[in-house]
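Report on the structure given below.
Chain letters run A, B, ... following the sequence lines, proteins first, then strands; residues in each count from 1. Just so it is clear, the structure is predicted and the values come from calculations on it, not from any experiment.
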Amino acid sequence: SASNGSDAGGDAGTDGGYNVYALLPQGNDQPYGTNYLKAMNAAAADMGVNLTITNAEYDSAKQANECSVAIASKPDGIILWPAAVDTIRPCLEAAKAAGIPVNASNSDVLPEDKSLVGTYTGPSNDGVGRAAAKLIGDVLGDGGGNIIIVQGLSGNSTAIDREAGFRDELAASYPNVTVIGQQPGDWAKDVALTVTSEMLTSLGEENIDAIYAVDDTMAAGAIEAMENRGIDPTTIPVVGTGNTELGQPNVLSGKQYATLFQSPVWDGENAVTYIVDAIDGKTLEPNYFMPIPEITKDNAAEYPAEW
Amino acid sequence: MTHTEIIKTPTPASIAGGSGNSASKTVAWVASRGIFIFTAVLLVFSAIFVNGFASSVNIIDVFHRASAIGIVAIGMTFVVISANYIDLSVVAQIATSGVILMALSPTYGVLGAMAIALFFALLYGLVNGISVGFLKANAVVVTLGTTGIGAGILSLVTGGTIYYGPTGGPIDAFGDARVGPFPLSAFVLIIVAIVASIVLSRTKFGFMIRSYGSNKQATRLAGVNSGGVVVGAFVLTALAAMIAGFVLAAYSNTAVSTMSEGYDFRALAAVIIGGNSLFGGRGSIFRTFIGVIFISVLSNILVLSGFSFAWQQLVTGAVIVFAVALDALARKAEKR
Amino acid sequence: MSTDPDAQTTRKIVIEAHDVVKRFGGAVAVDQVSIAVGAGEIHAVVGENGAGKSTLMRILAGILTPDSGGVSVNGKLLEPGAKASLEAGIALVHQELSLIPEMTVAENILLGVTPTKFGVIDSARQRKIAGDALDQIGVSVDLNERVSRLSMALRQFVEIARAVARNPRVLILDEPTATLTPAETDYLLSMLQRLAARGLAIIYISHRIPEVFRICERATILRDGQIVEVMTIAETTPNAVIDKMVGRELKLDLQTRRVADPGAVVLSARGIRAARVNGIDLDVRAGEIVGIGGLVGAGRSELVRAIIGVDPRTAGTATITVDGETKNINGYGNAVRSGIAFIPEERRTEGLALDMTVAENITLPNRAALSTGGFLQRGKIAEFATRLANTVGLRPPEVDRAAGEYSGGNQQKVVIAKWLGREPKLIVLDEPTRGVDVGAKSEIHRLLRELADQGTAVLVVSSDLPELLELSDVIHVVRDGRIMGTLSPDEANERSVMALAAGERVASSS
Amino acid sequence: MSTIKLQETQTGTWNRVKSTVARRTEGRAVVLLILVIVVIAMQQPIVFNAYGVSLARVALVGLVALGLTLVVLQGELDLSVGSTLALTGVVVATIPDLGLGIIVGLITGLVIGALNAFLIVIVGVNSFIATLGTLFALRGLAFVLSDGRPVRVTDIDSALTFGRELLGPLTPRVLIFILLFIALQFFTSRMRAGREFYAVGGNRQAAIDAGIPVKLRLFTAFMLCGFVAALAGVINTLELTAADPTAGSSVLLASFAAVIIGGNLLNGGRGSLVGTMIGAFALGLMQVGLTFAGTPREVQDVLIGIILLVAITTEPNNLRALSGRVQRLTRGKANASA
Ligand SMILES: Nc1ncnc2c1ncn2[C@@H]1O[C@H](COP(=O)(O)OP(=O)(O)OP(=O)(O)O)[C@@H](O)[C@H]1O
Ligand SMILES: Nc1ncnc2c1ncn2[C@@H]1O[C@H](COP(=O)(O)OP(=O)(O)OP(=O)(O)O)[C@@H](O)[C@H]1O
Ligand SMILES: [Mg+2]
Ligand SMILES: [Mg+2]
């Protein structure tokens, strides 16, 4: 069934190996993507899968074309990490028509498109948001309080999903917690630093009881913003996501109240594992969610940072 | 700060003097200085109406917003005034120097890393400058090409790794350092501005850049090595971009290959809002500096007032359109 | 102002200008000019460079709107704007060619009036009309050729065909023969007479008085933007016309011209070849003014530019000798450093940075002298610039004013002033007084003579024959990038120069 | 009646061919395209087998470039195409009735073009600056309207059918692209208004003097450019069944690249849509080929960067300038040694 000549990672051990396209919106241009790719390539090498990887740079039109390129080269399976989940229905239908199994990775497809994918592997971004909301809601206690959100790059679907989950969970379980400010930190520490500081200025340090930074890099920025103003970070709990090399030290030192361990390694590996299962026609659960352990000062040591 | 420029584009009409056109001359005078007035108004307005703007902590944030972009814009001014529109490759240049600083200081020490960054800055400046100055290629296209090459290679080499320095290390210390109420980076910005301003307005070289921007042919026929002048302009821009990379990296004590996305057009916007002419010749570093302050204050108060990213973009764009339209009308008023 | 003493025409007036005035900044280019031309008349408009001829024509053609006064055709006053004038049947052949380089001959001939069917170009008709126009003027050229690939002469005829194609009532030609050989000129003139015979009103501008006397019925003489007189050609003489143009008795009194005592050779060029320059040898001595004559397009500019390295040479060497030391001229920078000054043909685009001040323009070539340790010496600059401005008689001598604010003549003085600061050993001027008014012109001439007397070597390219004859100690006449002949002051006169320029003696080889 | 001969008229077919070739501006684009095709034929023949997909990519790269070319031909520039694309996409998606949405979207494009033209022609702002402003403003507007999230079209099924192959493996995008190319090529080569774009770009003063309505032509070009960008936005939205306010970020530079490689002179007056088309084919096919080969995106960026640099620095007159310098230098040496 091998239709393209590329023998990247091709391992003589398995019969020619499966040809799989991985349609990703990021790669070596992002920290997460870099480690995701490492794990993915390693897994592929083990299982004798020939991977062809694309990076659409979150341009959904580009990804759509790469999808049709993939389908045209008739691979055995496709791993799709949507650039924007709303835009992938055509890709999924085309793949289905061509009889190519597709698994979603890292960002789940919309419920109405669920029937078009074999399974989803990765974090529940919505779930990540909810977990963050729990952490913050619980630490604030029944009294609740005012919080601010440091968002990711505007329009980015992961960021959007996490925020949605976060706000839903607050509304559902923590009515006393109110979001009084939100600004994009563009996934970047320096931007997060500035906007957090500015929100502290405009809303008043005393009025802010907690900060949700959509990832650890930006959490680090938020923390530095507080330190720069002589605020003790432990007094305003910050919750991030990732347990990154940048975030973990802050958690260990208690500057960052908590984070959620999202493992690019798990993500990359399982994307490959389950596409192989899908190709082999195994019956699959609708979702294989990445375990998202809550990391705090106490257990951080047990979870070495991966990115 | 030194500040010499030809505020108006002189036309034969402007010595016609006499009746009628004195009115339009006043319009022109006001308009050509519009940005200074706006900036003043904006500052006063913000101080009075925007809660927390005047606080010392916020001044710091304004300068944090201003420093890196400002340094790039000041560098870019040399390319703009030499009538070469823009150096798109500053995006790649900033990231390159920032990443080199953070990634290599551990092994080569801070100064060693800076030296290596300097090498690449010069490389960028020379490739861009020679292609534009001697091969007479269009600057926009050339720098578009070098961006692709430079950013591509940087990303290939570093991946998306976030390089971060030890907390309290020299770079971090620089980033956090304050002089009085101001962050050190603010002084870097001001020093760069003063030096650049002196170079542009007082030195032989700056004079040649302005003259070249004003009339390439006449400058060449006066025996100036015009290609060399262009190379000089691009090298200065590259050096500024390098410094901006250092400042940006030090600010957050981190660097990553994507750290400077959007800095190309944002820097150009600052140059233009300052009222520097894209046709070259006309303009000053001081104008760019004011343009930077204007933009930084604007985004700062938009965040302070809780505007969403969407509105921030919209307002910024609208302001640029307004500023440049006014500049054009000013020139028309003079011609009349 | 009244033109009472002036010659009136009995013909039916087709086009008429009433007291038109046009200012450019301070300078009045056209001042209270009224002119009337009748059907079938060929009417000359003559005057020195900068007299306002082209400006007046651009006003007649609706391209420039006069500050006051108006233009009427068949007694009907025209709306401002080129379109109205075109529709009224006024066609202008510009002095500087105004064709679209990347368009074909046919497209250019019908530019602005392209025939269409439902917006689609009717290329059949386009080619037909263009072809007819070319036939009318009797020129054959490939209608599909891009104009950028045509010779200057051919471009000139395409321009004329373009005017004719609009079958106009009024045909205006602004120095159409400037780029033509006598044969071509001769042809053009008889062509114009044919057109006039068909009832066209033709306005004809030329610096070549004989042409005027050959085909024109009346001549309007402009000086400094004003009408001096309207003369009936049949009742006057060339000298009378020239005197009126210049406003003084113009006698080229060769006896009283400065006696040059040329010193050692300063510039020596051998076998120079370049684009449109085909092997030229040439020497210029200290204290000598060498003139280069020829028709526009002869390659004079290219010649001097190639010699001093402004444009690349394909072959040949040029050397400059300063106090006994001989250096090769490789590249322009090196030429300037070794004491050469160059005043280019295109003042506004090559000579000056118009939006910079006079002081800044003067500083440019003298930047080294005016700066220490890379820093400009502001005080020194002001003093230095003012001194030079006075030397060349810049009026007003305000060095902080933008160069673009000065009149053409004064601009040219600035261009010269900026080089005088370097005390050049060789000064090369290309069309030094083009578009320069009479007063400034004579001052520039005086300046050049003084320089020569002080031992500077001077090389002048000029299309202005009187100027060339007046200034030069020796004249090389160029044609097709070759020196066709060299004339000493006593051999040189309009006739002999023109003859060489037109290649008459070497007709066989051309 | 006598006629004079002023030029050696081109005789013989060979000379005709030579002069015809000499007139064209697409030389380097053709060379590059041939190169790409040859390499692909050897390395990734699948690019041709799956020509439907490849053409879709070419259309993706080239559609906006077609509009941009019209502006460049007049010596102007439009930096706002990417934002226009994003904004119109959002407009289309937010309007429930797809048909109505498409119409409003396209009108939006025309309006934006008119706005740009107004700033440039009436107010007198340099096009580079004016469209830099609208670049920011329109992107902001897209975010405001979409609240910074992708907007899914209401009538997904009709949108889906739009995205499917219509003619063989060709999707509507490809067909629209081809038709638009033919239309615009016809417009700029056979229609008076379009042909006069070359006059506006080649010698604006002469164009004005000849009575060409230059302002009108500028308006036309910018409005067409905005319209084409909007069209791209509409097509994206339909094909993807949703609009992404961040869309089109890469469009400007990609289209710009196609235009440049296509041999269009940025000062205007010289170039052609054919050139842009060839440029788009070269870039598009190359990208598809590299994607099939699984080449990392970074490598693709580097390659395209190099091609741009080579394309621009090898403009004939630039080279002539260079060779002139080199000659003089070498001569300098020779003389020195002599
Ligand atoms: N666009 C302009 N701006 C400023 N001054 C101008 C402009 N055009 C012409 N002038 C000035 O107006 C005067 C008349 O110029 P014009 O070209 O009409 O002279 P002319 O008689 O045609 O000279 P020539 O014989 O050299 O063609 C000159 O002093 C010239 O410098
Ligand atoms: N046959 C031609 N083909 C292309 N360009 C030409 C031709 N003839 C003249 N030109 C251009 O027209 C201008 C005038 O020609 P050139 O300068 O060579 O002649 P010249 O003898 O210097 O006359 P001028 O007095 O105009 O300088 C120059 O820019 C030249 O490049
Ligand atoms: Mg004239
Ligand atoms: Mg000349």
Side-chain angles (χ1 to χ4, degrees), chain A residues 3-6 8-9 19 21-24 26-29 37 50-74 82-94 97 110 112-113 151 153-157 159-161 163-164 184, chain D residues 43-47 49-54 56-57 59-61 85-86 89 93 142-143 146 148-153 156 159-160 162-165 169 171 173 232 235-251 254 284 287-288 291-298 300:
Chain A
S3 61
N4 87 22
S6 100
N19 292 308
Y21 263 76
L23 308 176
L24 315 179
Q26 59 167 258
N28 278 327
D29 52 350
L37 281 183
N50 307 333
L51 272 181
T52 309
I53 296 165
T54 70
N55 172 0
E57 293 173 285
Y58 286 95
D59 179 336
S60 27
K62 219 166 165 192
Q63 190 173 54
N65 180 266
E66 286 164 353
C67 176
S68 35
V69 169
I71 293 168
S73 63
K74 306 192 186 61
V85 289
D86 313 65
T87 66
I88 57 162
R89 164 82 70 86
C91 171
L92 298 177
E93 299 222 330
L110 297 172
E112 58 262 45
D113 299 340
Q151 247 297 18
L153 196 63
S154 303
N156 172 279
S157 54
I160 293 169
D161 294 348
E163 182 193 340
Chain D
Q43 295 299 319
Q44 295 287 335
I46 182 169
V47 171
N49 309 339
Y51 63 95
V53 178
S54 308
R57 183 53 168 254
L60 190 64
V61 177
L85 182 151
F143 269 87
S146 66
R149 302 153 194 278
V151 188
R152 205 157 203 202
V153 298
I156 291 187
L160 276 174
F162 175 91
R164 297 216 182 79
E165 291 83 354
T171 56
R173 175 192 290 276
I235 295 175
N236 279 0
T237 309
L238 293 180
E239 276 192 354
L240 303 171
T241 71
D244 184 348
T246 65
S249 43
S250 58
V251 161
Q287 289 174 4
V288 178
T291 312
F292 272 117
T295 318
R297 195 209 88 240
E298 292 79 3
Q300 302 192 19

So for [X], is it side chain, backbone, both, or neither that comes closer than 4.5 Å to the heavy atoms of chain D?
| X | answer |
| --- | --- |
| A:T54 | side chain |
| A:N55 | both |
| A:L110 | side chain |
| A:E93 | side chain |
| A:Q151 | neither |

So what's closer than 4.5 Å to chain A heavy atoms on [X]: side chain, backbone, both or neither?
| X | value |
| --- | --- |
| D:E239 | backbone |
| D:I156 | side chain |
| D:R297 | side chain |
| D:A247 | neither |

*Sort out for me which of D:L160, D:T241, D:T291 touches chain A most, counting heavy-atom pairs under 4.5 Å.*
D:L160

*Taking every heavy-atom pair that is under 4.5 Å apart, which of D:Q287, D:R149, D:Q300 has the most such pairs with chain A?*
D:R149

For [X] and [Y], which heavy atoms make the closest approach, and how far apart are they?
| X | Y | value |
| --- | --- | --- |
| A:T52 | D:G294 | CG2-CA, 3.5 Å |
| A:S60 | D:L240 | O-CD2, 3.9 Å |
| D:V53 | A:A72 | CG2-CB, 3.7 Å |
| A:Y58 | D:T246 | O-OG1, 4.3 Å |

*Distance in Å, D:T171 OG1 paired with A:N65 CG, rounded so as to fall on 0.5 Å steps*: 9.5 Å

Enumerate donor-acceptor pairs with a distance under 3.5 Å from any side-chain N or O in residues 84-91 of chain A to protein atoms, sequence neighbours excluded.
{"from": "A:T87", "atom 1": "OG1", "to": "A:A84", "atom 2": "O", "distance (Å)": "2.7"}
{"from": "A:R89", "atom 1": "NE", "to": "A:D113", "atom 2": "OD1", "distance (Å)": "2.6"}
{"from": "A:R89", "atom 1": "NH2", "to": "A:D113", "atom 2": "OD1", "distance (Å)": "3.2"}

*Looking at D:R152 and A:E112, does any basic side-chain N land under 4.0 Å from a carboxylate oxygen?*
yes

*Indicate yes or no: at least one non-hydrogen side-chain atom of A:I160 is less than 4.5 angstrom from one of D:P150.*
yes

